[in-house]
Amino acid sequence: MKIWIDIVNAPHVRFFHSIIRYLENQGEEVFITARRFGDVHRLLDLFGIDYNLVGWHGVSLEEKLIRSTQRAYELSQIISREKPDVAVSKHSIELPRISYGLKIPSIYVLDNEHAIAANKLTLPLCDHIILPEVIEKEAVVGCGAHPDHLYPYNGTSEITHLADFQYNPHIFQDLKLDIQKEKTILMRPEPALASYLDADCRKTVLSPIVDALEDQANILVIPRFREQQQIFEDDDQITLIKPPVDTFSLMKACDLVIGAGGTMNREAALLGTPVISCYPGKLLSVDSYYIEKGLMKRSTRPEEIVGMARELLKDEHRHGGLQTDDLFKIIINSIYQVANGANTTRKNTHK
């Protein structure tokens, strides 16, 4: 069997890593495509994953449209030659459109119900949509998804990120970090280039929080792109972390994570590290899941966030694990189920 997986964002590398390795160990052929965006290609190299770089990510709305159209054209030519049995993606815009056009059954992993434009372009074309059960079905069906194509599970997609994680307790030393204070905070700016967030990539909601806390803790910042790096690079009390690095060990070693995004916050919660979300957009259902479980705090007010941070840094606030469904197993079973169903249909058609 040949499986096509399209990886379009850095967190998706960790998401698919264990899935790719399992399928390859089962003797399946896995064909990976990726787009040029952020650290996607560097992470793929770090994990030793073979891939084909196709297309770019756009910044403005006009550029996003042009880049996506170009990428769909290039991928259409490649995939029509490769002839995969099943296509799998996590929020790829192009894969559902191409797999639908070429009659390749598709599996789509969804965790952002507020990415309305992307969801309207993709969900109506997907055969099998795997999503957290905390996302309301109406929000997805309203974007065109067929109700019978929804497969909810308990948990969030970050569950698979930790499938083969081994903690490195020497991560600070390995990265040669200048750790002088007793406590350390890891921060991650907002995804300012994402189509679902109206934000200026040359500013960040973290700035006043950093200013208030940098005298009390070591501040580590992982910027997403060059403009965010420039915001902090003149502050000698901030340490900029340049990916790719072992972010899981880094998060686990830190005393607190303050994130204006989503994925890293949820990863930190699963690792047991206290985390504060200051994501400036509309709260996602997957974040509400962790907040309701008591594994994440949330605020968009800098003074409140600083107060929360100071409180969390006072004492040991590590928490236990979280009971979830086995998302890895769900995805693997879905791939074989969808592919076998398609093969049966093809055989019957040719009788």
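Throughout, numbering of the chain's residues begins at 1 and tracks the sequence. Only a predicted model underlies this, so the values are computations on that prediction, with no experimental measurement involved. Reckoned from all heavy atoms, side chains included, excluding hydrogens, waters and symmetry mates.
- Not one N or O on the side chain of Asn168 forms a donor-acceptor pair closer than 3.5 Å with the backbone of Ser249.
- Of the possible polar contacts, one joining the Lys83 side chain to the Ser80 backbone as a donor-acceptor pair under 3.5 Å is found.
- Tyr153 OH to Ile330 CD1: the interatomic distance, rounded to the nearest 0.5 Å, is 7.5 Å.
- Counting heavy atoms from C-beta outward, His149 and Cys126 have side chains that stay 4.5 Å or more apart.
- Under 3.5 Å, the side chains of Tyr290 and Thr156 contain a donor-acceptor pair of N or O atoms.
- In this structure a side-chain-to-backbone donor-acceptor pair under 3.5 Å is present from Glu113 to Ser285.
- Residues Arg224 and Gln229 form no side-chain contact, since every pair of their non-hydrogen atoms from C-beta on lies 4.5 Å or further apart.
- With hydrogens and angles ignored, the 3.5 Å screen pairs a side-chain donor or acceptor of Thr160 with a backbone N or O of Phe15.
- In summary, the side chains of Tyr51 and Asp45 do present a donor paired with an acceptor at a separation below 3.5 Å, with no hydrogens or angles considered.
- The main-chain N or O of Gln237 is found under 3.5 Å from a side-chain atom of Asp235 such that the two form a donor-acceptor pair.
- Residues Glu304 and Arg298 are not paired through a salt bridge, judged by the lack of any N-O separation under 4.0 Å between the basic side chain and the carboxylate.
- Looking at Leu271 and Phe165, their side chains come closer than 4.5 Å, going by heavy atoms from C-beta outward.
- Using a distance-only test at 3.5 Å, with no hydrogens or angles considered, no donor-acceptor pair links the side chain of Ser92 to the main chain of Ser89.
- The salt bridge (charged side-chain N to carboxylate O under 4.0 Å, His left out) search around Arg71 returns Asp6, Glu94, not counting sequence neighbours.
- Once rounded to the nearest 0.5 Å, the distance linking CD1 of Ile171 with CG of Leu177 reads 7.5 Å.
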Let me see the working for Lys242 and Asp39 under salt bridge (charged side-chain N to carboxylate O under 4.0 Å, His left out), right down to the final yes or no.
CA-CA 10 Å; Lys242 297 182 179 180; Asp39 299 301; over 6 Å; no
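- Taking all atoms of both residues into account, the shortest heavy-atom contact from Leu150 to Ala145 is CD2-CB, 4.0 Å.
- Under 3.5 Å, the side chains of Gln180 and Asp178 contain a donor-acceptor pair of N or O atoms.
- The two residues Asn112 and His91 have their closest heavy-atom pair at N-NE2, 3.4 Å.
- To the nearest 0.5 Å, the span separating OH on Tyr108 from OG on Ser334 amounts to 15.5 Å.
- One finds no salt bridge joining Asp215 and Lys181 here, because no Lys/Arg side-chain nitrogen approaches an Asp/Glu carboxylate oxygen to under 4.0 Å.
- Counting only distance, with no hydrogens or angles, the side chain of Gln216 and the backbone of Ala212 share a donor-acceptor pair below 3.5 Å.
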What do the steps show when you test Glu29 against Asp85 for side-chain contact (heavy atoms from CB on, under 4.5 Å), and what is the final call?
CA-CA 10 Å; Glu29 182 179 354; Asp85 297 289; over 6 Å; no
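- Atoms NZ and CD1, on Lys203 and Ile231 in that order, are 10.0 Å from each other to the nearest 0.5 Å.
- A heavy-atom distance below 4.5 Å is not found between the side chains of Ile3 and Pro84.
- The minimum heavy-atom distance between Val8 and Phe37, with the atom names listed, is O-CD2, 3.6 Å.
- Salt bridge status for Lys2 with Glu82: present, with a side-chain N to carboxylate O gap under 4.0 Å.
- Using modelled atom types, no side-chain atom of His41 and backbone atom of Leu53 make a donor-acceptor pair closer than 3.5 Å.
- Residues Leu75 and Thr33 form a side-chain contact, since some pair of their non-hydrogen atoms from C-beta on lies under 4.5 Å apart.
- With contacts defined as side-chain heavy-atom distances shorter than 4.5 Å, the pair Pro274/Val257 does not qualify.
- A single hydrophobic cluster is not seen to contain both Ile129 and Val109; linkage of ILVMFWY side chains at heavy-atom distances under 4.5 Å, directly or through other members, places them apart.
- Note on Ile130 and Leu125: separate hydrophobic clusters, where clusters join Ile, Leu, Val, Met, Phe, Trp and Tyr whose side-chain heavy atoms are under 4.5 Å apart, directly or indirectly.
- The local environment of CD in Gln230 is crowded, with over 12 non-hydrogen atoms from other residues, nucleotides or ligands closer than 6.0 Å.
- Considering only heavy atoms from C-beta on, His57 stays 4.5 Å or farther from Arg67 through its side chain.
- Hydrophobic clustering (side-chain heavy atoms under 4.5 Å, transitive across Ile, Leu, Val, Met, Phe, Trp, Tyr) keeps Trp56 apart from Val54.
- Note that the CD1 atom of Ile135 and the CG atom of Leu110 stand 4.5 Å from one another [nearest 0.5 Å].
- Residues Ile7 and His12 come closest through the heavy atom pair CG2-CB, 3.8 Å.
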side-chain contact (heavy atoms from CB on, under 4.5 Å) between Lys183 and Leu256: does it pass, once the steps are laid out?
CA-CA 8 Å; Lys183 300 291 186 177; Leu256 175 64; over 6 Å; no
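- Of the N and O atoms on the side chains of His146 and Asp127, not one donor lies less than 3.5 Å from an acceptor on the other residue.
- A 4.5 Å side-chain heavy-atom check between Ile98 and Leu102 finds at least one atom pair inside the cut-off.
- Residues Tyr167 and Leu220 are members of one and the same hydrophobic cluster, defined by side-chain heavy-atom contacts under 4.5 angstrom among Ile, Leu, Val, Met, Phe, Trp and Tyr.
- Side-chain atoms of Glu190 and Thr204 form a donor-acceptor pair, as typed in the model, at a separation below 3.5 Å.
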Kindly determine whether Leu270 and Arg266 satisfy side-chain contact (heavy atoms from CB on, under 4.5 Å), including the steps that lead there.
CA-CA 6 Å; Leu270 287 171; Arg266 296 187 289 272; 5.7 Å; no
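- Annotation for Ala260 and Pro189: closest pair CB-C, 3.7 Å, computed over non-hydrogen atoms.
- Smallest separation of non-hydrogen atoms from Leu213 and Ala309: CD1-CB, 3.7 Å.
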Check the pair Glu158, Thr263 against side-chain contact (heavy atoms from CB on, under 4.5 Å), reporting the backbone distance first and the verdict last.
CA-CA 7 Å; Glu158 288 74 21; Thr263 299; 3.8 Å; yes
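- Ile93 and Val13 fall into different hydrophobic clusters, where Ile, Leu, Val, Met, Phe, Trp and Tyr are joined by side-chain heavy atoms under 4.5 Å apart, directly or via other members.
- Formation of a donor-acceptor pair under 3.5 Å by the Arg188 side chain with backbone atoms of Ile222 is found in this model.
- For the residue pair Asp287/Ser277, the side-chain donor-acceptor check at 3.5 Å is not satisfied.
- Within the 3.5 Å criterion, the main-chain N or O of Ile32 finds a donor-acceptor partner in the side chain of Asn52.
- Going from atom OH of Tyr289 over to atom OG1 of Thr324 covers 6.0 Å, rounded to the nearest 0.5 Å.
- By the neighbour-count criterion of 12 heavy atoms within 6.0 Å, atom CD of Glu182 is sparsely surrounded, having that number or fewer from other residues, nucleotides or ligands.
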